[in-house]
Amino acid sequence: MHSKPKILIIDDEEVVLDSCIQILGGESFQVSTALNGSDGLRLVQELQPDLVIVDLKMPGISGFEVLDRLEEIDPTIVMIVITGFATVSSAVDAMKKGAYDFLPKPFSPEEFRIIIRRGLEKRKLILETIMLRHEKELLREHFAHIVSHELKAPLNAVQQNIFALEFELSGVLNEDQKEKLVRIKVRMEDLLKIIDSWLRIISVNIEELEKNFSPIQMTTPIYKALENIETIATRKNVEIVSSFGVKLHPVWGDVLSLSEAFVNIIGNAIQYSRDGSKVIVKAEENGTDILVTIKDFGIGIPKEDLPHIFEGFFRVKSGQAAPTGHGIGLVVSRQIIEAHSGSITVESETGTGTAFYIRLPKYFIEKSNKS
Amino acid sequence: MAKRILIIDDDPDFVAGIKSILDTAGFEVDVAYDPKTGQKELQSQTYDLLLLDIMMGRGAEGVMIARKLRKDAKLREMPVLIITGMREQIAFLFPGEPIHPRFVEVDELVEKPVEPTMLIEKVNALIQAAEVRKALTQ
Ligand SMILES: Nc1ncnc2c1ncn2[C@@H]1O[C@H](COP(=O)(O)OP(=O)(O)OP(=O)(O)O)[C@@H](O)[C@H]1O
Ligand SMILES: [Mg+2]
C-alpha cells in the first residue's frame with residue numbers, strides 16, 4: 001500500500017455515495033463507487049481495492065452475496081458493511097461472513113473516517129503478515145539451499161577424496177595409517193549426518209504437504225512403513241504384531257509423509273526394544289478419530305525426559321548404549337502429524353516399554369471444499 | 001576393452017575423488033564440468049554409463065539432462081547412475097513423488113559421498129544389465 005489506498009463503495013443510494021466521497025475528499029485516497037453489487041464486483045476485479053464498503057440492502061445482488069463473492073475473489077480485502085436497518089443481527093451475520101466492521105446508517109463523517117482508518121490499518125496488517133510469511137518461507141528455502149550447497153558440497157568432496165585415498169592405498173598403508181584414515185572418515189560421516197538431519201527438518205514443507213492431501217486409508221501408510229522397516233525388525237529379531245480394524249473410516253492426508261512418520265515411530269520402537277521382543281501396531285476407530293497405537297516392551301523413557309522427546313535434537317541420556325540417532329525422527333513425525341490436524345502422545349515407563357498414540361480426525365466430505 | 005564412463009558434475013574436487021576410484025578400477029573416464037559440455041560429449045562419443053550429478057549450476061540442471069536423455073532414442077537405453085548430494089532436495093523438487101523419480105528407462109540413484117566398493121558394484125551392475133538387454137533385443 002505504498003500508493004494511495006484504494007477504497008470502493010457499493011451502495012444503491014447516490015446520496016450516500018456522494019457524501020462518502022465528500023468525507024473522504026482530498027488527495028489521500030483513491031475512491032471508486034458502484035451503484036449495485038454486480039458493477040461493484042466487476043470494479044473489484046479491475047481495481048483490486050484495499051477496502052470495500054458494502055451496503056447490505058440493495059436491489060439485485062444482495063450485500064451478503066457481494067461479501068461471499070469478495071471473499072472468493074480476494075480474502076485479503078477488508079470488507080465493511082453499511083447496515084440500513086437498525087438491526088444488530090444483520091451486522092453480526094455480515095461479520096460472520098468475514099466483514100471486518102459495520103457502519104449503521106445514519107453515520108457522522110467522523111464515524112465514517114474512524115472506521116475507514118481502522119479498516120485500512122487492518123489491511124496494512126494483513127498485507128504485512130502475508131509478506132512476513134512469504135519472507136520466512138524464502139528464508140527457509142534459502143537456508144536449506146545454503147546448508148545443502150555451501151556446507152554439504154565441500155564436505156562431500158573431502159569425504160569422496162578420503163574414500164579414494166583409502167581405496168588406492170589399501171595395499172600400501174600400515175595399520176597406524178589406516179586407523180588415522182578411519183578416524184577422519186568417521187568424524188566426517190558424523191558431520192554429514194548432522195547436516196542431513198537439519199535438512200530433514202527444514203525440508204518438511206507443511207504447506208506443500210497439504211497440496212497432496214486426499215482421502216486415504218490410515219492402513220496404507222502403515223503398510224508402506226512396515227515394508228520399509230521389515231529388514232531392521234528381522235535383523236533385531238523383533239516381531240511386529242499388527243491388528244487393523246476392518247474397513248476403517250478414511251482420513252484426509254498424504255500417504256508418503258505419513259509413512260515417513262510411521263517409519264520413524266515404529267523404527268524407534270524396534271530400535272529401543274530388546275532383541276527378540278515384540279512391537280504392537282494397532283489401528284482402530286476411536287470416536288471422531290482414527291487411532292494408531294505403537295507399543296513396545298523396550299527400555300522405556302524416563303518420566304523427566306518425556307516432555308522433551310518431541311522437541312528435536314533430544315536423546316535420552318540413559319547410560320547403556322551410545323545413542324545412534326540424532327533426535328530428529330520424532331520432531332519430523334510430529335510436524336507431519338500436526339500438518340494432518342492430528343496429534344501424537346506418549347506413555348512410557350522405564351524398563352517396561354513405551355506406547356505412542358497417533359490420532360488423525362476422520363475425514364468427512366465438507367472438508368474438501370475448505371480451500 | 002575398458003568400459004567408458006562419462007561423469008557430469010560441476011564440483012571438480014568431488015569429481016577427482018570419484019574419477020580416481022573408477023580409474024583404479026580400470027574404467028576409462030571422461031569428465032564434463034557443466035551440463036552443456038556434458039551434452040556435447042554424449043552426442044559425439046559413445047559411453048557405457050553416465051554418472052550424473054543432479055544439482056548443478058543454478059538448480060536441478062542434472063534433471064534437465066536426464067529428461068533430454070529420456071527423449072533421445074539413441075541414448076535412452078544408456079544406464080545412468082545419478083549421484084546426488086541431496087536426497088532431501090529431491091523430495092523438495094518433486095513433492096508427493098517417491099524419493100527417486102525415474103528419469104530415464106534405466107537409472108539408479110546413490111548419495112554423495114559414495115563408498116568405493118558400492119560405487120563399483122553399482123556401475124558394474126548397471127553396465128552388465130544394459131549389455132544383457134542389448135543382447136536380448138538383437
Ligand atoms: N520407543 C522408544 N523407546 C524408548 N525411547 C525412545 C522411543 N522412541 C524415542 N525414544 C527416545 O526419544 C529420543 C528421540 O527420538 P527420535 O526418533 O526423535 O530420535 P533418534 O531415534 O535418537 O534419532 P533419529 O533422528 O535417527 O530418529 C530417542 O533418542 C530416544 O532416547
Ligand atoms: Mg528415531
Side-chain angles (χ1 to χ4, degrees), chain A residues 140-141 144-171 185 188-189 191-193 195-214 224 228 253-260 263 328 332 336, chain B residues 7 9-27 29 31 33 51 53-62 81-101 109-123:
Chain A
R140 203 178 60 97
E141 269 168 36
H145 186 81
I146 290 176
V147 170
S148 47
H149 243 95
E150 318 305 323
L151 255 172
K152 233 193 130 178
L155 289 179
N156 279 339
V158 173
Q159 184 77 325
Q160 195 62 55
N161 280 281
I162 295 170
F163 282 163
L165 258 187
E166 194 187 31
F167 185 65
E168 285 154 40
L169 298 177
S170 65
K185 231 172 57 176
M188 285 295 295
E189 202 177 300
L191 255 178
L192 283 165
K193 267 198 199 144
I195 295 175
D196 277 337
S197 301
W198 270 100
L199 275 174
R200 259 169 82 194
I201 285 202
I202 49 184
S203 297
V204 185
N205 189 339
I206 304 293
E207 272 155 36
E208 279 297 311
L209 264 188
E210 281 170 4
K211 286 186 198 149
N212 299 317
F213 280 15
S214 63
K224 233 188 162 69
N228 213 303
D254 166 56
V255 171
L256 269 171
S257 59
L258 280 176
S259 71
E260 151 120 15
V263 165
I328 301 294
V332 173
I336 292 171
Chain B
I7 303 177
D9 191 318
D10 64 349
D11 186 337
D13 294 324
F14 177 80
V15 169
I18 285 278
K19 183 174 182 305
S20 80
I21 293 172
L22 293 170
D23 284 341
T24 310
F27 293 98
V29 186
V31 181
Y33 294 106
L51 261 171
D53 180 27
I54 287 293
M55 300 300 279
M56 283 187 283
R58 294 187 38 76
E61 288 189 27
L81 183 56
I82 292 159
I83 5 170
T84 171
M86 287 148 285
R87 221 169 117 93
E88 283 72 23
Q89 261 13 29
I90 297 225
F92 236 150
L93 291 166
F94 310 95
E97 284 190 49
I99 284 298
H100 176 211
L109 181 140
V110 289
E111 269 179 274
K112 290 181 182 182
V114 206
E115 294 261 11
T117 41
M118 157 123 116
L119 175 69
I120 291 162
E121 232 169 65
K122 292 248 153 129
V123 164

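Put simply, the side chain of B:Leu22 reaches to within 4.5 Å of the side chain of B:Leu51, judged on heavy atoms. Annotation: side chain of B:Leu81 is in contact with side chain of B:Leu119 (closest heavy-atom distance under 4.5 Å).
Heavy atoms of B:Asp11 lying under 4.5 Å from chain A belong exclusively to its side chain. For B:Ile120, the part lying under 4.5 angstrom from a heavy atom of chain A is the side chain only. For chain B, no part of A:Ile162 is nearby; none of its heavy atoms comes within less than 4.5 Å.
A:Asn156 places no side-chain N or O within 3.5 Å of a backbone atom of B:Phe14 that could act as its donor or acceptor partner. A side-chain donor-acceptor contact under 3.5 Å links A:Gln159 to the backbone of A:Lys185.
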